[in-house]
> 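Below is one structure. I have some questions about it.
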Amino acid sequence: MAEIKRVRGFQDIYGENVKKYRYVVDTARDIFKRYNFSEIILPYVEDVSLFIRSVGEETDIVQKEMYVFEDRGGRKVALRPEGTASAVRAFIEERLYAKGGYHKLFYEGAMFRHERPQAGRYRQFHQIGAEIFGVSSPVADAELIKMVKDILDALNIEARLEINTLGDFESRKEYVRVLKEYLKKVENSLCEDCRKRIERNPLRVLDCKVEGCREATREAPVLIDFLSDESIERFEKLKEYLNNLGVNYQVNPRLVRGLDYYTDTVFEFITDKIGAQGTVAAGGRYDTLVKQLGGPDTPALGFAAGIERLMLLVENLPIERKPVVVLPVVSEFNIDALKVAGKLREKGIKTELILKEGSLKSRMKLANKIGAEYVVFVSEKPELKDMETGEQEQFDNVENLIDVLVEKVG
RNA sequence: GAGGGUGUAGCUCAGCUGGCAGAGCACAAGGUUGUGGCCCUUGGGGUCGCGGGUUCAAGUCCCGUCACCCUCCCCA
């Protein structure tokens, strides 16, 4: 029979990797809770139009990367390619805005994009993310960025922070219009990719690495001239807050995000240690998105981080306690061994009962391979062996042995 | 969507100008009565990614195909 293999771009996460996965998620979750964010578990499947209307009709994500299909009821649905759209949809649909105040949510889980797999890039990948709804103050921007920084610090991950402002929706639209006009004029000196970008993602042209494009855009209109006083004020405040929090950053005026919904603040945490896909966490403000999706006018912001990319940067996992191994010396003691293992587990001790029959020697090898800290030999006179030192002690009954063992590992 | 690299044992890889498919690690069983690691002995393991072609003979040469990795693009 032919072996069935996993689908391209999808992966099994097991062994060391699943420990890293859990470590990253648990660490982030802990920070989220310290910032008093509430978890929301969002569906993996949404109406396609949710993403068209939020991420943007013309973006690569919507144009060529979404897993779209018709369900049995003829509905056009998509596996979610990102989390913010769903969070906004839920915010509106669950009428959270009616509860007053503001809302801070975090989520975790799989996202799906049909891209060419690469280092740090999969078709099913996993993100942690958070969103804040109902706050326009840049205090929120600063706190969100600080929270991401806290997560990275807790994971012992170094990444540089780049920030930028895109301005409010109106001034950005105006800027994009003027920029497009300019780019069309210099189109002939642009690279092939950038010519395509003029319509699809004109801001990205400014960030092109090709020398000709850099040359051609040197005189291009700059966004800052189009920003409203309010946007400039907000950006200045954000920088002031970050300075006072001791969060280092670099202003990158060419930083653009690939999703259409961003306004004003955008930021990225970037590393060069994991290959070409160096953006490890990114986010920004999206003050018009809630309204755009049919909710009340609500300022909002958020971020997402790629769990797989964080995993690549995690170096030292916290050390785990080794198990105690319970081993019946001969099979007549299987029942006693089952009972002993049960008692140890009741005491909260990580216990491996050797399930295999065979020679004592082979089962000892197994205990060693499992990484036993102690071995409990179950027989008439139970014995406890310290696998580190090789010392072995005999007991009159299991109760005494368990007491001593609890003393040692409890 | 475009480009480059790699596919041989469970893993990491050798295999020359075509001539009996290998090593290390891992695995299993032993090295005297009921005790691991180190060492020694023995053993099990392969559609050489898949399909075609050239040849007396193909892991090796040719064509096709698939998968994985990396890069561009894009993004977390």
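Just so we're on the same page: letters track the sequence lines, and every chain starts at 1. Reckoned from all heavy atoms, side chains included, excluding hydrogens, waters and symmetry mates.
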> What does B:G18 pair with, Watson-Crick or G-U, if both distances are under 3.5 Å?
none

> Taking the same atom, P, in B:U41 and in B:G24, what whole-Å distance lies between them?
11 Å

> Roughly how far apart are A:Thr217 OG1 and A:Arg254 CZ, rounded to 0.5 Å?
4.5 Å

> Start at the 5' end of RNA chain B and walk down; is the nucleotide closest to A:Lys5 or to A:His126 reached first?
A:Lys5

> Could you tell me whether A:Lys365 contacts a base, only the sugar-phosphate backbone, or nothing, with contacts defined as non-hydrogen atoms closer than 4.0 Å?
sugar-phosphate

> With respect to A:Val266, which candidate in A:Leu301, A:Asn252, A:Leu166 satisfies the side chain to side chain contact (heavy atoms under 4.5 Å, CB included) definition?
A:Leu166

> Between A:Gln118 and B:C72, is there a contact of a side-chain N or O with OP1 or OP2 at under 4.0 Å?
yes

> Distance check, C1' atoms only: B:A23 and B:A29, in whole angstrom units.
22 Å

> Whole angstroms only, please: what is the CD-C1' distance between A:Gln277 and B:U71?
9 Å

> In Å, rounded to the nearest 0.5 Å, how long is the span from CD of A:Gln127 to OG1 of A:Thr84?
8.0 Å

> Over all strands shown, is A:Glu308 touching base, sugar-phosphate only, or nothing at heavy-atom distances under 4.0 angstrom?
nothing

> Using atom P of each nucleotide, how far apart are B:A58 and B:G51 to the nearest Å?
15 Å

> Report yes or no: does A:Lys347 contribute a side-chain atom to a donor-acceptor pair with the main-chain N or O of A:Leu405 at less than 3.5 Å?
no

> Under the 3.5 angstrom rule, does the side chain of A:Arg321 hit a backbone N or O of A:Glu373 as a donor-acceptor pair?
no

> Can you tell me the base-pairing partner of B:A23? Count Watson-Crick or G-U wobble geometry only, both distances below 3.5 Å, and say none if there is no partner.
B:U12

> Using the P atom on both, measure B:G37 against B:A28 and round to a whole Å.
12 Å

> Starting at CD of A:Glu357 and ending at C1' of B:A29, how long is that distance when rounded to a whole Å?
18 Å

> If I take atom CZ in residue A:Arg363 and atom C1' in nucleotide B:G34, what distance separates them, rounded to the nearest angstrom?
9 Å

> For B:C72, take OP1 and OP2 only and decide whether either is under 4.0 Å from a side-chain N or O of A:Arg116.
no

> Tell me the partner of B:A29, counting only Watson-Crick (N1-N3 plus N6-O4 or O6-N4) or G-U wobble (N1-O2 and O6-N3) with both under 3.5 Å; none if nothing fits.
B:U41

> If pairing requires Watson-Crick or G-U wobble contacts with both distances under 3.5 Å, which nucleotide is the partner of B:U6?
B:A67

> Are the side chain of A:Arg80 and the backbone of A:Ala110 linked by a donor-acceptor contact shorter than 3.5 Å?
yes

> Report which part of the nucleic acid A:Val280 touches: base, sugar-phosphate, or nothing (heavy-atom distance under 4.0 Å, all strands).
sugar-phosphate

> Just checking A:Ala367: base, sugar-phosphate only, or nothing, at a heavy-atom cut-off of under 4.0 Å?
nothing

> Determine, for nucleotides 38-44 of chain B in 5'-to-3' order, which nucleotides have protein heavy atoms under 4.0 Å from the base (write B), from only the sugar-phosphate (write S), or from neither (write -).
-------

> Name the pairing partner of B:G46, where a pair is Watson-Crick or G-U wobble with both distances under 3.5 Å, or state none.
none

> Are A:Arg123 and A:Phe10 in a cation-pi contact, defined as NZ or CZ under 6.0 Å from the six-membered ring centre and within 45° of the axis?
no

> If you measure from the C1' atom in B:A21 to the same atom in B:C48, how many Å do you get, rounded?
8 Å

> If you pin A:Gly9 and A:Glu65 to their nearest nucleotides in RNA chain B, which one's is more 5'?
A:Gly9

> Mind checking A:Gly129 for me? I need base, sugar-phosphate or nothing, with any heavy atom below 4.0 Å counting as a touch.
nothing

> So, OP1 or OP2 of B:C74: does either fall under 4.0 Å of a side-chain N or O from A:Arg197?
yes

> For A:Gly120, does its backbone N or O pair with a side-chain atom of A:Arg309 as donor and acceptor, under 3.5 Å?
yes

> Give a yes/no on whether any side-chain N or O of A:Lys196 is located under 4.0 angstrom from OP1 or OP2 of B:C73.
no

> Could you check whether A:Tyr122 gets within reach of a base, just the sugar-phosphate, or nothing at all, counting any heavy atom under 4.0 Å?
base

> Across all strands, who's sitting opposite B:G1 as a Watson-Crick or G-U wobble pair, both distances under 3.5 Å?
B:C72

> Students often get this wrong, so: under 4.0 angstrom with heavy atoms, is A:Lys385 touching a base, only sugar-phosphate, or nothing?
base

> Rounding to an integer number of angstrom, what distance separates B:C61 and B:G7 when you compare their P atoms?
11 Å

> Nearest whole Å is fine: how far is B:G36 P from A:Asn368 CG?
9 Å

> Measuring only the C1' atom in each nucleotide, how far is B:U33 from B:C38? A whole number of Å is fine.
24 Å

> Answer yes or no for this row: A:Phe377 ring on B:G34 base, centroids under 5.5 Å, planes under 30°.
no

> If we take the P atom in both B:U6 and B:U60, what is their distance in whole Å?
15 Å

> Under 6.0 Å between ring centres, would you say that holds for A:Phe226 and A:Tyr175?
yes

> Are the side chain of A:Gln292 and the backbone of A:Arg53 linked by a donor-acceptor contact shorter than 3.5 Å?
yes

